[in-house]
S.K.: 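Quick one: the structure is below, and I'll ask about it shortly.
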Amino acid sequence: MASKDEENFLKLVLLLLKYGGRVLQDRIECELERQKQQTVSDFLEEYKHKILHLTLRYKKECCQKDCRSKNRAALNEQYLKCMFHIMEKKCCSSYMQECFCNLEPRADLDISFWDITLTSCLLLECDILTDQSQKQVIKNLRNHRNSRALLHRGTPSMGEEEFVKTWKEVSNAIKEVAEVFEPWYFKHYCDKIDKLKDGTLSTSDIEGCWKKIKDADFDKELYGNLPAHKDFTTSTEMENLAYYHSLRSTSLNRQIMMHGKGGTNVNSALEIDR
Ligand SMILES: [Zn+2]
Ligand SMILES: [Zn+2]
């Protein structure tokens, strides 16, 4: 039997990962369509050089001679596999160099599997949004995803008062991202979000939710059946959920053992949030 506090936490996880994730995916498609009548696949083709640099760290270089683009180290290189077929063929041979000219957008591209880290990064770093106030709207939502008060809180429960306050903040952040959509679609988001808040997660919903987390069905739902995702080493939403599940299943009083550090992922998750 899940407690009210645990249900609160699960509702917030669903709000953030499901609707927060989806609204950013929709926003990418919407902006590309409106501004450039471009598909996501066309966008990836056009921006593959820039996207590669988003994943490059420190002394790594791309394959373009005398390239002056800066390395951003904003995304783990594993994210490239969500966007591109990774070709064995490279135009360069140095291990310090990464080739972008042989990257091809995935033929089976499905951005419904992209997470908040990836979608927010593309929106902010790839000229999709240039208006500073609109960029801030995206950053606000991303900050919730990286917040120590939410996925990184260390204990999978939340009292009613904090829940009401946090729900308002996170749902407003999502609605702000959705505001540019057609009115009916904006309303669709608002309705779904209100329904989640006011509805009751049944015991079987909750157990099902934890089971999903445990079985990584949730993982597939978010990231797709891409085997590459199994190799993720840096922060993902799912690692945090798996961490919470391990806390819960080992019945360690659902207390944080690491004094608010919320697992090993916190630093890497915050790293991109400069
Ligand atoms: Zn370059
Ligand atoms: Zn190349």
Side-chain angles (χ1 to χ4, degrees), residues 24-25 27-111 113-132 134-136 138-139 141-143 145-146 223-236 265 267-274:
L24 292 171
Q25 295 155 7
R27 187 67 189 262
I28 288 180
E29 286 186 324
C30 170
E31 295 292 340
L32 291 177
E33 169 62 32
R34 280 187 193 169
Q35 296 175 33
K36 314 200 234 182
Q37 293 79 51
Q38 197 174 40
T39 64
V40 176
S41 188
D42 293 341
F43 159 77
L44 291 178
E45 180 61 36
E46 186 184 340
Y47 274 82
K48 60 189 179 184
H49 180 205
K50 189 155 191 171
I51 291 170
L52 178 75
H53 277 279
L54 290 175
T55 69
L56 292 182
R57 283 163 202 277
Y58 197 42
K59 288 181 177 167
K60 284 261 189 173
E61 291 174 358
C62 78
C63 58
Q64 190 178 79
K65 200 169 180 290
D66 303 322
C67 174
R68 306 177 91 165
S69 298
K70 284 207 173 84
N71 291 350
R72 302 299 309 272
L75 287 175
N76 185 283
E77 63 185 21
Q78 297 290 331
Y79 277 105
L80 288 176
K81 295 178 188 172
C82 306
M83 297 177 270
F84 301 101
H85 293 294
I86 304 298
M87 299 298 182
E88 289 294 316
K89 201 174 69 175
K90 281 180 157 194
C91 72
C92 47
S93 53
S94 163
Y95 78 99
M96 288 306 285
Q97 276 186 318
E98 293 295 337
C99 172
F100 69 86
C101 46
N102 284 324
L103 291 176
E104 277 181 21
R106 293 185 70 102
D108 58 352
L109 192 70
D110 184 351
I111 74 166
F113 300 124
W114 289 5
D115 68 12
I116 293 175
T117 302
L118 176 57
T119 48
S120 61
C121 184
L122 295 178
L123 281 163
L124 293 170
E125 305 288 347
C126 292
D127 313 322
I128 300 178
L129 293 177
T130 47
D131 179 80
Q132 286 308 318
Q134 282 304 308
K135 281 188 159 186
Q136 192 56 49
I138 305 299
K139 287 177 190 169
L141 180 53
R142 186 180 65 179
N143 289 344
R145 182 251 172 269
N146 291 337
Y223 296 116
N225 295 307
L226 310 177
H229 293 301
K230 297 294 175 204
D231 302 323
F232 271 25
T233 51
T234 56
S235 173
T236 68
N265 303 316
N267 291 337
S268 52
L270 295 176
E271 195 179 274
I272 61 151
D273 196 24
R274 288 161 296 171

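Given the structure is predicted, the values throughout are model-derived calculations rather than measurements. Keep in mind that the numbers below use all heavy atoms, side chains included, and drop hydrogens, waters and symmetry copies. As the structure lists them, so they are numbered: ligands from 1, and atoms in each ligand from 1.
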S.K.: Is there side-chain contact between Ile51 and Phe84, with heavy atoms separated by less than 4.5 Å?
M.R.: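 In contact.
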S.K.: Looking only at N, O or S atoms, which one in His49 sits nearest to the Zn ion (ligand 1)?
M.R.: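 The His49 atom nearest to the Zn ion (ligand 1), restricting to N, O or S, is NE2.
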S.K.: Angle at the Zn ion (ligand 2), SG of Cys99 to SG of Cys91, rounded to 10 degrees, please.
M.R.: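 Centred on the Zn ion (ligand 2), the SG/SG angle is 110° (to 10°).
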S.K.: What angle, in degrees and rounded to 10°, do you get at the Zn ion (ligand 1) when you join it to SG of Cys67 and to NE2 of His53?
M.R.: 110°
S.K.: Is the closest basic N to carboxylate O distance between Glu31 and Lys36 below 4.0 Å?
M.R.: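 Here Glu31 does not pair with Lys36 in a salt bridge, since their nearest N and O are not under 4.0 Å apart.
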S.K.: For Lys139 and Gln136, test the side chains for any donor-to-acceptor distance below 3.5 angstrom and give the result as yes or no.
M.R.: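 Not at all, the side chains of Lys139 and Gln136 share no donor-acceptor pair under 3.5 Å.
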S.K.: How large, to 10°, is the angle at the Zn ion (ligand 2) when you draw lines to SG on Cys63 and to SG on Cys101?
M.R.: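 That angle is 120°.
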S.K.: When you check the gap from the basic side-chain N to the acidic O, do Glu125 and Lys50 get nearer than 4.0 Å?
M.R.: no
